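Worksheet: the structure to be examined is printed underneath.
Convention: sequence-line order gives letters A, B, ...; per-chain numbering from 1. Model, not experiment: these values are computed from the prediction. Hydrogens, waters and symmetry mates are skipped; everything else that's a heavy atom, side chains included, is used.
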Amino acid sequence: MPELPEVETVRGGLNQLTLSQEVTGGDVLLQRTIAYPFSVDEFIDKVKGNTIATWHRRGKYLLAELSSSSPSYLGVHLRMTGQLLWLTQDQPLHKHTRVRLFFGEKQELRFVDQRTFGQMWYVPSHVAVESIITGLAKLAVDPFSPEFTVAYFADKLKKSRRPIKTGLLDQSMVAGLGNIYADEALFKSGILPTTLCTELQLPQIELLRTAIIQVLSASIAVGGTTFSNFLSVKGVNGNYGGEAWVYNRTGEPCKICGNVIGRIKLGGRSSHFCSQCQS
DNA sequence: CAATGCACCTGCTCGC
DNA sequence: TGCGAGCAGGTGCATT
């Protein structure tokens with residue numbers, strides 16, 4: 001479900017709904033969802049009594065800053081199938097409910113995750129967030145950051161001899177792209193996914209950088225639902241727009257030239273492309 | 001060191 | 001209808 005646009009949409013919803021209300025308790029239904037601390041009782045104990053000042057996003061990670069002069073953090077990664085839902089506590093439990101955090105008397109932030117890859121962390125005050133949520137340490141710049149310049153991108157690419165599709169999925173190259181938006185950005189910039197990073201010329205790198213930003217912002221603009229079968233925090237949506245140019249369109253005609261969309265595996269992931277429009 | 005393959009899970013779809 | 005194979009939006013670790 002969630003790549004950068006979906007995570008950003010969730011962040012927006014959480015900032016509207018969850019701030020300034022005390023966490024009054026919680027329930028962990030699947031232990032291994034809690035990556036830190038080791039004890040789930042300690043996790044609930046530490047989160048309890050806090051209020052959330054604001055939700056941040058770094059790549060596909062969500063970080064709740066807990067109100068304090070020296071803040072602690074609640075980290076969440078949705079991985080493949082995680083959802084955060086804002087509900088009343090009396091709502092029937094979904095089969096895949098993994099963690100419940102109670103807010104005030106009636107409200108609840110519920111973590112539902114079919115495939116159980118999703119994780120949550122509690123990061124104490126005065127501790128570097130990257131030392132607990134280790135995935136953050138290797139995270140590259142955000143595609144919307146002013147640091148994501150052509151020069152930055154070109155420098156990363158010239159050091160990497162592997163297919164560009166694989167490179168785009170590497171969160172230490174750019175943070176936030178996943179399989180869908182990587183394929184879409186490559187189509188938009190006319191680059192075959194198999195092209196080696198080192199083979200890309202400056203004009204192509206400029207095109208690709210622009211395509212990444214465009215594809216992601218277009219999706220954020222419609223609430224991350226462009227091609228995601230995705231639920232917002234309020235539980236609305238879940239529409240599959242089918243607006244992708246290439247993703248999941250194997251065997252169908254290219255929307256630009258009519259050529260059949262192909263699929264190959266790169267780095268273990270399906271890559272969709274038009275061999276006519278991309279070279 | 002960089003690149004690759006696979007494990008981690010549950011559930012759905014497809015072909016036989 | 002049943003069954004196995006293959007697939008799914010991500011990441012981390014072992015192996016080359």
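There is a path of hydrophobic side-chain contacts, each under 4.5 Å, that joins Ile164(A) to Ile180(A).
For the residue pair Ser39(A) and Asp41(A), no side-chain donor N or O sits within less than 3.5 Å of a side-chain acceptor on the partner.
Distance noted for atom P between dC12(B) and dT11(C): 24 Å (whole Å). To the nearest whole angstrom, the two P atoms, one in dG6(C) and one in dC6(B), are 13 Å apart.
Position along DNA chain C of the nearest nucleotide to Gly268(A) versus Tyr61(A) favours Gly268(A) as the more 5'-ward residue. DNA chain C is contacted by both Leu136(A) and His272(A); His272(A) maps to the nucleotide lying nearer its 5′ end (nearest heavy atom per residue).
Using a 4.0 Å cutoff to heavy atoms of chain A, the contacted part of DNA chain B runs 5' to 3' from dA3(B) to dG11(B).
If you take CG of Leu78(A) and C1' of dG10(C), they are 11 Å apart, rounded to a whole angstrom. Atom CG of Leu168(A) and atom C1' of dG10(C) are 15 Å apart (whole Å). We find that CG of Leu62(A) is positioned 12 Å from P of dT11(C), with the value rounded to whole Å.
Contact check on Glu206(A) versus Arg209(A) returns no salt bridge, with no Lys/Arg side-chain nitrogen under 4.0 Å from an Asp/Glu carboxylate oxygen.
Distances shown here put every side-chain N or O of Thr81(A) at or beyond 4.0 Å from the OP1 or OP2 atom of dG9(C). Phosphate contact (OP1/OP2 of dT11(C), side-chain N/O of His77(A), threshold under 4.0 Å): present. For the pair Arg269(A) and dG10(C), the criterion of a side-chain N or O lying under 4.0 Å from OP1 or OP2 is met. For Tyr247(A), a side-chain nitrogen or oxygen approaches OP1 or OP2 of dG9(C) to under 4.0 Å.
The aromatic rings of Tyr152(A) and Phe148(A) sit perpendicular to each other, their planes meeting at more than 60°, with 30° as the lower class boundary. Aromatic ring pairs are classed by plane angle as parallel below 30°, tilted from 30° to 60° and perpendicular above 60°; the pair His77(A) and Tyr61(A) is perpendicular.
Here Phe117(A) packs flat against the base of dG10(C); its ring centre is closer than 5.5 angstrom to the base's six-membered ring, tilted by less than 30 degrees.
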Item to check | Watson-Crick and G-U pairing of DNA chain C, under 3.5 Å, as dot-bracket with | and [ ] | outcome: .|||||||.|||||||
